[in-house]
Amino acid sequence: MTSGPDDRHDDAGVPDRTGDGRGADDERGAPDMEGSDIELLRIWRSNHLGPAIECRIEAALMSDPRGREALGGTVPAQRLERNRLAIMGLATAPRRGRMERLLVRLGVSDSAARLATATPALRAAWLISTVLALLFALATASSSTASGLERVVVYLTIAPLVPLAGVALAFGSAVDPVHETTVATPIDRTRLLLIRTMTILITSIAILMIGAVLLAAPAVAAVAWLLPALVVTAGSIALSPRLGPQRAATVVAAAWILIVLLLGGLSGDSAAAFQPALQVVWLVLATLAAVLVDRQRRHSRYFEA
Amino acid sequence: MSPVAHEIRTQQPDDAALVGLMAGGDHEALDLLYRRHAGWLTARLQRRCPDPDVVDTAVQEAFLAAWRGAAGWRPTGEFGAWLWTVALRRLIDQIRRQRRHGRDVSWEVVGTEPIDDGEFVLSLSDTTVGAELARLDPDLQAVMVATAVDGLSTGETATLLGIPRGTVKSRLSRARKLLRTAIDEEER
């Protein structure tokens with residue numbers, strides 16, 4: 001500190017740059033600080049004197065600890081305690097990982113970054129099992145008996161189930177490492193749902209794209225599973241309030257496999273479910289499911305905090 | 001707890017000492033700083049933004065910024081002043097975010113009653129500039145307070161007050177002109 005203890009760097013008064021106002025202020029405050037604090041606070045709370053005077057009062061109150069306390073006394077203790085718990089919770093939480101720091105640097109808010117990276121589905125175990133499942137699918141698909149087309153179809157059928165499983169895990173009864181933080185911080189459940197679903201979708205899509213490249217699939221096939229993935233993910237979220245996240249995911253996954261097999265069997269083209277005409281259907285269904293989720297959000301308590 | 005840390009705590013440590021302890025990962029120091037500063041910070045931010053959720057988020061982010069940046073904090077001024085600056089900018093970030101969702105949570109500028117009701121209130125504006133500033137239209141006062149006192153940029157002021165940048169600039173120049181005229185007359 002460069003100057004005396006009474007130096008106010010936060011000179012939030014009128015633009016009094018000359019400094020001659022400070023001495024007067026201190027003299028006035030010294031003999032009867034408590035009485036003048038009460039009077040200042042009363043005027044400040046009346047909220048009718050305009051920003052300049054309010055600012056001057058704030059500066060006067062800020063200049064001594066009792067004045068600060070008086071200002072703070074206008075905030076309900078319960079509210080301060082709630083904020084304190086949230087801050088202490090975040091400060092004592094494990095240090096931010098590399099991913100979380102990257103997200104924060106990219107402009108994602110602290111809380112969103114923490115929720116996104118703490119998504120249960122993103123834990124190493126899930127990522128490893130996803131990669132293993134994909135490798136298994138690739139191995140099966142590339143066995144000598146399978147033709148090139150069949151390989152691609154197996155991949156396309158399994159790919160949409162990856163984000164689906166992730167979402168089911170994220171909102172299931174699985175242990176949630178940030179559960180306490182979520183309880184202490186008032187957070188919109190819809191926002192939580194969106195952040196986590198987006199995180200899972202982005203991660204899954206990245207993994208699946210790599211899988212498609214490894215399979216040396218035709219360019220179209222590399223993206224043909226995208227819309228079905230959106231349909232099953234949004235569909236399972238829409239069904240969650242009725243069935244619970246895990247059962248909804250199971251039902252949707254079964255329905256998806258059944259549809260692929262049925263369409264393939266009926267048309268004689270095993271990739272029928274991924275042809276352009278069907279892609280339009282998936283697009284419509286994905287939109288419908290999104291609308292359904294949005295409506296449920298508004299009418300059902302399920303998505304409320 | 002180290003003997004030094006214990007000594008600091010039992011003697012009503014000043015803010016700079018507490019920040020030093022925070023840099024070493026002392027959660028209790030953060031707790032003490034919060035109890036000392038959260039009240040006035042919340043109260044003053046609330047005056048500038050009517051939405052309590054926005055204010056609470058700004059308060060939380062400011063203290064977390066202090067916690068995470070404790071090691072790099074240089075005591076060039078009071079911790080309280082630093083905290084205020086950080087919190088006000090976080091508040092503006094939050095307001096910007098809310099506005100993207102179509103919610104208006106900008107500073108509700110109210111006032112002004114005649115300031116010459118009693119010696120006490122008049123004495124608050126103890127300089128010529130202060131007294132003249134308090135006589136301006138409240139909208140002009142708000143722009144002056146945000147820029148000259150809180151040191152915000154034109155863009156930040158615009159966000160805080162929920163008005164276009166151009167309006168901030170024109171109000172600022174109008175306020176300056178009125179103040180200059182008033183002071184010139186006073187001196188004559």
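In what follows, every chain begins at residue 1, and chains take the letters A, B, ... in the order their sequences are listed. Quick caveat: nothing in here was measured; it's all calculated off a predicted structure.
Contact check for B:Val145 versus A:Glu54: no side-chain heavy atoms found under the 4.5 Å cut-off. By the 4.5 Å heavy-atom criterion applied to side chains, A:Arg68 and B:His37 are counted as neighbours. The closest side-chain heavy-atom distance from B:Tyr34 to A:Asn83 is below 4.5 Å. Put simply, the side chain of B:Arg47 reaches to within 4.5 Å of the side chain of A:Trp44, judged on heavy atoms.
Chain B forms more heavy-atom pairs under 4.5 Å with one residue of A:Val75, A:Leu71, A:Leu80, A:Thr74 than with any other, namely A:Leu80.
Within a 6.0 Å radius of CZ in A:Arg45, other residues, nucleotides and ligands contribute 12 heavy atoms or fewer.
The CZ atom of A:Arg56 sits 11.0 Å away from atom CG of B:Leu133, with the distance rounded to the nearest 0.5 Å. Rounding to the nearest 0.5 Å gives a distance of 9.5 Å between CH2 of B:Trp40 and CD of A:Glu58. Here the CH2 atom belonging to B:Trp84 is positioned 8.5 Å from the CE atom belonging to A:Met62, to the nearest 0.5 angstrom. Atom CD1 of A:Ile87 sits about 10.0 Å away from atom CD of B:Glu61, to the nearest 0.5 Å.
Looking at every heavy atom in both residues, A:Gly50 comes nearest to B:Gln141 through C-OE1, 3.3 Å.
A donor-acceptor pair shorter than 3.5 Å can be found between the side chains of A:Arg79 and B:Gln46.
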